[in-house]
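Working notes for the structure below.
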Amino acid sequence: VLFRSVSKDPANAVAGRLRTALKAAGWTITDDKAAGFATQLTVARPADGLTGQVTIDQFAQDSAYTEVRVELQGAAAAGKP
């Protein structure tokens, strides 16, 4: 699953809101690091078998915006493709 969104808010404000919202939704942040000017969050929700990466960075097409990219992966349920 891939999700992208943009915001006019600064990257640090977006990252802070995402950290709070993810934790409130039952996600665990397993890694939180800077990668150049970006922030990368590695997240997991073991109860659902989901893991993922959230990247908060300057929007490539317009530096006035902050882009959020979310990539999630889930383990296939037993017996299901």
Side-chain angles (χ1 to χ4, degrees):
V1 172
L2 176 64
F3 171 79
R4 289 183 182 196
S5 180
V6 294
S7 173
K8 275 277 208 185
D9 294 334
N12 62 339
V14 173
R17 283 196 312 270
L18 280 171
R19 287 181 188 101
T20 299
L22 286 164
K23 289 176 184 176
W27 288 86
T28 301
I29 298 173
T30 60
D31 195 19
D32 186 339
K33 64 182 176 185
F37 292 107
T39 297
Q40 290 184 335
L41 307 175
T42 303
V43 297
R45 195 161 69 179
D48 297 328
L50 296 172
T51 60
Q53 185 85 24
V54 179
T55 304
I56 302 109
D57 200 359
Q58 186 176 56
F59 186 47
Q61 285 81 7
D62 187 339
S63 63
Y65 290 88
T66 298
E67 179 181 34
V68 176
R69 291 185 307 275
V70 179
E71 296 182 51
L72 299 177
Q73 297 178 355
K80 296 183 182 177

Q: Determine the minimum heavy-atom distance between A38 and T55, stating which atoms define it.
A: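 Heavy-atom minimum between the residues: CB-CG2, 4.2 Å.
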Q. Looking at NZ of K33 and OG1 of T42, how far apart are the two atoms once the value is rounded to the nearest 0.5 Å?
A.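 Spacing of NZ (K33) from OG1 (T42) equals 6.0 Å.
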Q: Measure the OG1-CD distance between T66 and Q58 for me, rounded to the nearest 0.5 Å.
A: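 These two atoms lie 8.0 Å from each other.
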Q) So, R69 and E67, do they make that salt bridge, N to O below 4.0 Å? A)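 A salt bridge is present here (some side-chain N lies under 4.0 Å from a carboxylate O).
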Q) V54 pairs by side chain to side chain contact (heavy atoms under 4.5 Å, CB included) with which of V70, I29, D32? A)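 Exactly one candidate clears the test, V70.
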Q. Is there a path from L22 to V68 through hydrophobic residues (I, L, V, M, F, W, Y) whose side chains come within less than 4.5 Å of each other?
A.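 Yes, because L22 and V68 connect within a single hydrophobic cluster, where side-chain heavy atoms sit under 4.5 Å apart.
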Q) So if you build clusters from Ile, Leu, Val, Met, Phe, Trp, Tyr with side-chain heavy-atom gaps below 4.5 Å, do Y65 and L18 land together? A)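 No; tracing contacts between hydrophobic side chains, which count when under 4.5 Å, never links both residues.
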Q: Output every pair passing salt bridge (charged side-chain N to carboxylate O under 4.0 Å, His left out) with a member in residues 34-46, not counting sequence neighbours, ordered by first then second residue.
A: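 Found R45-D48.
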Show which side-chain atoms of residues 4-15 pair as donor or acceptor with protein atoms under 3.5 Å away, not counting sequence neighbours.
from: S7; atom 1: OG; to: D9; atom 2: N; distance (Å): 3.0
from: D9; atom 1: OD2; to: R17; atom 2: NH1; distance (Å): 3.2
from: D9; atom 1: OD2; to: R17; atom 2: NH2; distance (Å): 2.9

Q) Between L50 and W27, is any pair of side-chain heavy atoms under 4.5 Å apart? A)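 Yes, their side chains come closer than 4.5 Å.
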